[in-house]
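First comes the structure, then the notes that go with it.
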Number of protein chains: 2
Amino acid sequence: MVTNKNCINRLSKYKNALARLKSLGFVKVFSDNLADAIGVTAAQVRKDFSLFGLSGSKRGGYNVDELIKSLNEILGKNKVQKVIIAGAGNIGTALMNYPGFEKEGIQIVAAFDISQDRQIEAKIPVCPLEEMKDFIRKNKIKIGIIAVPDMAAQSVLDLMTASGIEGILNFAPIRLNCSGDCIVNNVNFVFELENLIYHVSGLDKNKGQ
Amino acid sequence: MVTNKNCINRLSKYKNALARLKSLGFVKVFSDNLADAIGVTAAQVRKDFSLFGLSGSKRGGYNVDELIKSLNEILGKNKVQKVIIAGAGNIGTALMNYPGFEKEGIQIVAAFDISQDRQIEAKIPVCPLEEMKDFIRKNKIKIGIIAVPDMAAQSVLDLMTASGIEGILNFAPIRLNCSGDCIVNNVNFVFELENLIYHVSGLDKNKGQ
DNA sequence: TAGATTGTTAATCGATTAACAATC
DNA sequence: TAGATTGTTAATCGATTAACAATC
């Protein structure tokens, strides 16, 4: 199994690019086209595809429909992916209302929070945190998002993994310990900005400021 | 100049770990301590430090205060970093209210939106998008966040770079073209979840489901 | 057929890790 | 001094790119 995050990421990008190309009337594409579309080399595209057993024909390139179908399968697009959110604060709420999930077959099915007066502007039910465990089990949820305050993040993760969650997207800016068959991806806004600050400071220094 | 994103990221992690260690009373640390704290090898820590000219003493490790000071300088913590947001929708608002920025010296100074009835729950002024250019110039803002709908993202980027922005954090899930001395970091929630979906589907397959 | 493109192998590049001399 | 730790060089690992035979 390929675990390189950048590589999986490129599959998502290929998928998006192919949807665009299809809508433009493309029936087949060459590694060149896709490379240009997502900003990598043609060799990279062919290498990625061979890694996942995606093949084309020597002279005719890749069939757009087949490629989309295969990528969708790899990325779990053949069924609706149910996701829950822990934490109905600013970020949790933004994710509940995020318009980009639906057309990608990602469905936020519920949110959980200790505070109950948060039935605000979301179309999605916000339930007490105590109900999370049962909900995950009953609905066989595999993916959870952590958007609770730092202090609560580790215990929420423990609760999630104990209930059967296998993949977590964590927005709390602390290091979480995860045991067993569960992977955690972190999104850290401060780190993202610090990275930009580093680059910008470097730029300015080179200009002699 | 080091451009490896993971490496810069580790600097942020070292900084955070050092703050914790300092609060626990540590005056000096060894590469070993920091390695454990952020989950890398001691060799990685020493390599990173040598890359940025951070040095310790052969037997006595690194001085915590000195290290914090140096890292703060590299990451631009010696002054308040002013950031603007384009787009006062769900994500933009969440970022305006994000509690983690202040203590890191990151200040969201203004948001801009085409729609004006968004003076909602934010402490930060939401201004018309037409005022963005002047604001960036007058206040010498170098960093901007794009949280507008996909359709508007490229034109907002062009506006930002034309006004003097040098670093952009983009939340719109499309590929943006950026010319010249400006770097763009992307945060894509769908990709993050698709990555998890891929891993989870793989896990389940191995279990024979 | 001649030309173009894939699929794969080998080469390169970059990042991480191991090893160890220097030295506190 | 003896022991422990840094700083750096060399080795390893992994990912990307180049090259090219196979072939449509």
Side-chain angles (χ1 to χ4, degrees), chain A residues 1-14 17-18 21 26-71 74 183 191 195 198-199 202, chain B residues 1-14 17-18 21 26-71 74 183 191 195 198-199 202:
Chain A
M1 188 183 186
V2 181
T3 52
N4 177 354
K5 195 175 175 191
N6 285 333
C7 183
I8 312 298
N9 232 269
R10 285 195 298 270
L11 296 191
S12 292
K13 291 181 187 175
Y14 296 137
L18 282 162
L21 291 167
F26 281 69
V27 172
K28 59 183 190 179
V29 285
F30 304 118
S31 52
D32 231 19
N33 304 135
L34 280 168
D36 287 349
I38 79 160
V40 297
T41 63
Q44 180 79 273
V45 175
R46 296 198 298 277
K47 184 75 179 192
D48 286 339
F49 285 4
S50 86
L51 235 45
F52 288 92
L54 308 173
S55 60
S57 69
K58 290 273 179 187
R59 181 73 178 69
Y62 303 86
N63 178 291
V64 171
D65 283 328
E66 277 177 30
L67 210 44
I68 290 176
K69 191 153 167 278
S70 303
L71 287 169
I74 295 168
I183 69 157
F191 288 179
N195 183 274
Y198 167 77
H199 282 284
Chain B
M1 189 182 183
V2 181
T3 52
N4 177 352
K5 196 176 174 190
N6 285 332
C7 183
I8 311 299
N9 232 269
R10 286 196 297 271
L11 296 190
S12 291
K13 291 181 185 176
Y14 296 137
L18 282 162
L21 292 168
F26 282 68
V27 172
K28 60 184 189 179
V29 285
F30 304 117
S31 52
D32 232 19
N33 305 135
L34 280 169
D36 287 348
I38 79 160
V40 297
T41 64
Q44 180 78 273
V45 175
R46 296 199 298 278
K47 185 73 178 192
D48 285 341
F49 285 4
S50 87
L51 236 43
F52 288 92
L54 307 173
S55 60
S57 69
K58 290 271 176 186
R59 180 76 178 67
Y62 303 87
N63 179 291
V64 171
D65 283 329
E66 278 177 28
L67 210 45
I68 290 176
K69 192 155 166 275
S70 302
L71 286 169
I74 294 167
I183 69 158
F191 287 179
N195 184 273
Y198 167 77
H199 282 283

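Throughout, a chain's letter reflects where its sequence line sits, starting with A, and its residues are numbered from 1.
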Tell me the interatomic distance from A/F49, atom CZ, to D/dT16, atom P, rounded to whole angstroms. 14 Å
Say whether, by atom type as modelled, one donor and one acceptor occur between the side chain of B/N33 and the main chain of B/F30 under 3.5 angstrom. yes
Take A/S50 and A/R59, find for each the nucleotide of DNA chain C with the closest heavy atom, and name the residue whose nucleotide sits nearer the 5' end. A/R59
Does NZ belonging to B/K5 count more than 12 external heavy atoms closer than 6.0 Å? yes
Considering only C/dT17, C/dA15, D/dT17, which nucleotide approaches the side chain of B/N4 most closely? C/dA15
Hey, does B/G60 reach any base, or is it just sugar-phosphate, or nothing, if we go heavy atoms under 4.0 Å? nothing
Phosphate OP1/OP2 of D/dA18: any A/R46 side-chain N/O under 4.0 Å: no
Below 3.5 Å, does any donor atom in the side chain of B/K58 face an acceptor in the base of D/dT6, or the other way round? yes
Round to the nearest Å and state the distance from B/D48 atom CG to D/dT8 atom P. 14 Å
When you measure from the side chain of A/Y198 to the backbone of B/V2, do you find a donor-acceptor pair of N or O atoms at a distance under 3.5 Å? yes
Starting at CG of A/L67 and ending at P of C/dG7, how long is that distance when rounded to a whole Å? 10 Å
Closest heavy-atom pair, A/F26 versus A/V64, reported as atoms and distance to 0.1 Å, is O-CG2, 3.7 Å
Closest listed nucleotide, where the reference is the side chain of B/S31 and the choices are D/dT9, D/dT6, D/dA15: D/dT6
Looking for any heavy atom pair under 4.0 Å, which part of the strands does B/D32 touch: base, sugar-phosphate only, or nothing? nothing
At less than 4.0 Å, is any side-chain N or O atom of A/T41 found next to OP1 or OP2 of D/dT17? Yes or no. yes
Which nucleotide, if any, forms a Watson-Crick or G-U wobble pair with D/dA18, using both distances under 3.5 Å? C/dT9
Using whole Å, what does the distance between atom C1' of nucleotide C/dC24 and atom CZ of B/F30 come to? 11 Å
Taking the side chain of B/S55 as its heavy atoms from C-beta onward, which of D/dG7, C/dT17, C/dT5 lies nearest to it? D/dG7
Nearest-0.5 Å distance that lies between atom CG in A/L54 and atom OH in A/Y62: 8.5 Å
Does D/dT23 have a Watson-Crick or wobble mate here (both distances under 3.5 Å), and if so which one? C/dA4
Whole angstroms only, please: what is the CD1-P distance between B/I8 and C/dG14? 16 Å
Just how far, in rounded Å, is P of C/dA15 from CG of A/N6? 12 Å
For a quick check of understanding: with a heavy-atom distance under 4.0 Å over all strands, which category does A/Y62 fall into, base, sugar-phosphate or nothing? sugar-phosphate
B/F52 CZ to D/dT8 C1', straight-line distance once rounded to whole Å: 17 Å
Could you tell me the separation between the CG atom of A/N63 and the C1' atom of C/dT5, rounded to a whole number of Å? 16 Å
